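Please read the structure below before turning to the comments.
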Amino acid sequence: MASTAEGWANLPKEHNLSKFAADLKGILESTGHNEMYGVELKSPEDGQPPAHTTLLILQKFLRANMDDLPKAKEQLTAALKWRKEYKPLEALNETFPSDKFGGLGYVTTIKGAKETRNDKDVATFNIYGVAAKDPKKVFGDTDAFVRWRVALMELTLQHLHLNEADKAIPDYGKGADPYQAIQIHDYLSVSFFRQPAEIKASSSKIISMFSQYYPETVSFKYFVNVPLVMQWMMGTMKMLMSKDSIQKMTWMTYGNQLHQYLGDGIPKEYGGTGPGLRESAVTVKYDGGKPINEEAAAKA
Ligand code: HEM
């Protein structure tokens, strides 16, 4: 299915995306919430074509459910209810403690990613290796970690400019859906043989929440600095993930292998020639305290 404004201009009425848009009114009324990733969902006026920005969001829910309309509607309803209650956008204005989450995540833009075939991509780096020394501190309070992770995700989505999708097809863009981000997990300095309980709890919570509430928002996922002795974890993680998601995952033993996938503009520690994340990327708001592992954060 084309995801361009042009491609959607003549969307047939019997297409599932048109039907989804036509049913949106009821969904918005029943949930009492009409915002998704900062985009105002609008049900089409009589006879008018649905807004491109709305279709873009609906398409994500349809795709995640393999074009099964009733399931897509159910998922959208649940996601809207969650947003109404959890208020994820507000997390962007909250201040997070540096000594717990400082240096743990960044959002940036990269050029030349091989797999997306886009000119530009938004990329989120999760430097989870930073937390390996003291996983209890970072992951011990699952709710606090989830709030921080949601803030980073909302920041990522803001950088995709979903709201402006109707104005022009941006230069992010030849792939099937340019409105997705790349995700990188950096596990530098991780060396344990068993997965601590708090990491397990937080990671499975995020995996399940994000597949429910943020469908089709991430394109490719890269796991770097995964020591050989830790690669067994991929097996346990795969059990929590969809087949489609697994197909878009790549993992590697060394950080400097990443430039083979994401181009030379990425930081040196990933094999590129670009500036470090601390200088070039953005992140959520912190209280200015000492980061959890200053040494590791400084390398980023
Ligand atoms: C210190 C060790 C680790 C920590 C703290 C950690 C943390 C996390 C967290 C919090 C998530 C939730 C998803 C997210 O935040 O985006 C996650 C997901 C995941 N992790 Fe790890 N992890 C660790 C080690 C590993 C290792 C060694 C592997 C194996 C390569 C691995 C593979 C994965 C996979 C495949 C996912 C699912 C990603 C997704 O669906 O988005 N993790 N991890």
Side-chain angles (χ1 to χ4, degrees), residues 100-108 110 113-116 121-135 138-139 142 145-146 148-153 155-157 159 180-192 195-196 198-211 214 217-242 244-263 266-267 269-272 276-278 281-284 291-293 296-297 299-300:
K100 276 190 175 178
F101 308 122
L104 216 60
Y106 297 93
V107 178
T108 190
I110 57 172
K114 307 277 188 301
E115 293 189 279
T116 61
D121 281 278
V122 173
T124 303
F125 283 75
N126 289 293
I127 322 285
Y128 287 145
V130 170
K133 277 200 179 130
D134 196 350
V138 180
F139 301 103
T142 309
F145 173 73
V146 166
W148 170 85
R149 185 64 185 88
V150 162
L152 192 71
M153 188 59 173
L155 188 66
T156 305
L157 292 168
H159 281 77
Q180 292 184 321
I182 289 174
Q183 185 176 291
I184 299 107
H185 283 204
D186 183 344
Y187 293 130
L188 187 70
S189 354
V190 168
S191 61
F192 36 72
Q195 191 184 13
E198 43 294 308
I199 294 183
K200 202 169 176 181
S202 287
S203 56
S204 30
K205 176 107 195 232
I206 298 282
I207 293 169
S208 109
M209 266 181 70
F210 279 28
S211 72
Y214 295 99
T217 49
V218 174
S219 56
F220 292 89
K221 298 180 185 177
Y222 301 92
F223 300 83
V224 305
N225 288 313
V226 184
L228 286 172
V229 292
M230 289 299 290
Q231 295 197 1
W232 60 268
M233 261 183 75
M234 226 20 154
T236 60
M237 289 295 181
K238 276 184 181 171
M239 288 192 280
L240 304 170
M241 300 165 72
S242 71
D244 186 46
S245 209
I246 294 168
Q247 275 170 358
K248 290 181 175 167
M249 270 172 21
T250 305
W251 61 95
M252 56 206 83
T253 315
Y254 303 105
N256 64 11
Q257 294 170 288
L258 190 60
H259 79 106
Q260 295 164 16
Y261 299 89
L262 300 186
I266 59 172
E269 57 274 38
Y270 299 119
L277 292 171
R278 277 235 285 201
V282 294
T283 187
V284 300
I292 161 110
N293 179 343
K299 278 192 203 160

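Since the model is a prediction, treat every value here as computed from it, not as a measurement. When a residue number appears, it is its place in the shown sequence, counting from 1.
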With the side chain counted from C-beta on, respond yes when [X] and [Y] share a heavy-atom pair under 4.5 Å apart, and no when they do not.
X	Y	value
Leu262	Ile184	yes
Met230	Tyr187	no
Gln231	Thr253	yes
Trp251	Met233	no
Lys221	Phe223	yes
Lys133	Ser189	no

Once side-chain hydrogen bond (donor to acceptor under 3.5 Å, both in side chains) is applied, do any residues pair with [X], and if so which ones, sequence neighbours excluded?
X	value
Gln257	none
Tyr261	none
Tyr128	Asn126, Arg149
Thr124	Thr156

- Taking ring pair (Phe, Tyr, Trp, His ring centres under 6.0 Å) as the test, write out the residues that go with Phe220, two or more places apart.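 Here no residue qualifies.
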
- Task: Only one of Phe139, Trp148, Tyr106 passes ring pair (Phe, Tyr, Trp, His ring centres under 6.0 Å) with Phe101; say which it is.
- Result: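 Among Phe139, Trp148, Tyr106, the one that satisfies the ring pair (Phe, Tyr, Trp, His ring centres under 6.0 Å) with Phe101 is Trp148.
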
Scan the side chains in residues 198-207 for donor-acceptor partners under 3.5 Å anywhere in the protein, sequence neighbours excluded, and list what turns up.
residue: Ser202; atom: OG; partner: Glu198; partner atom: O; Å: 3.4
residue: Ser203; atom: OG; partner: Ile199; partner atom: O; Å: 2.8
residue: Ser203; atom: OG; partner: Lys200; partner atom: O; Å: 3.4
residue: Ser204; atom: OG; partner: Lys200; partner atom: O; Å: 2.5

- Task: Could you grab the distance from atom CZ of Phe125 to atom CD1 of Ile266, nearest 0.5 Å is fine?
- Result: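 Interatomic distance, Phe125 CZ to Ile266 CD1, rounded to 0.5 Å: 6.0 Å.
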
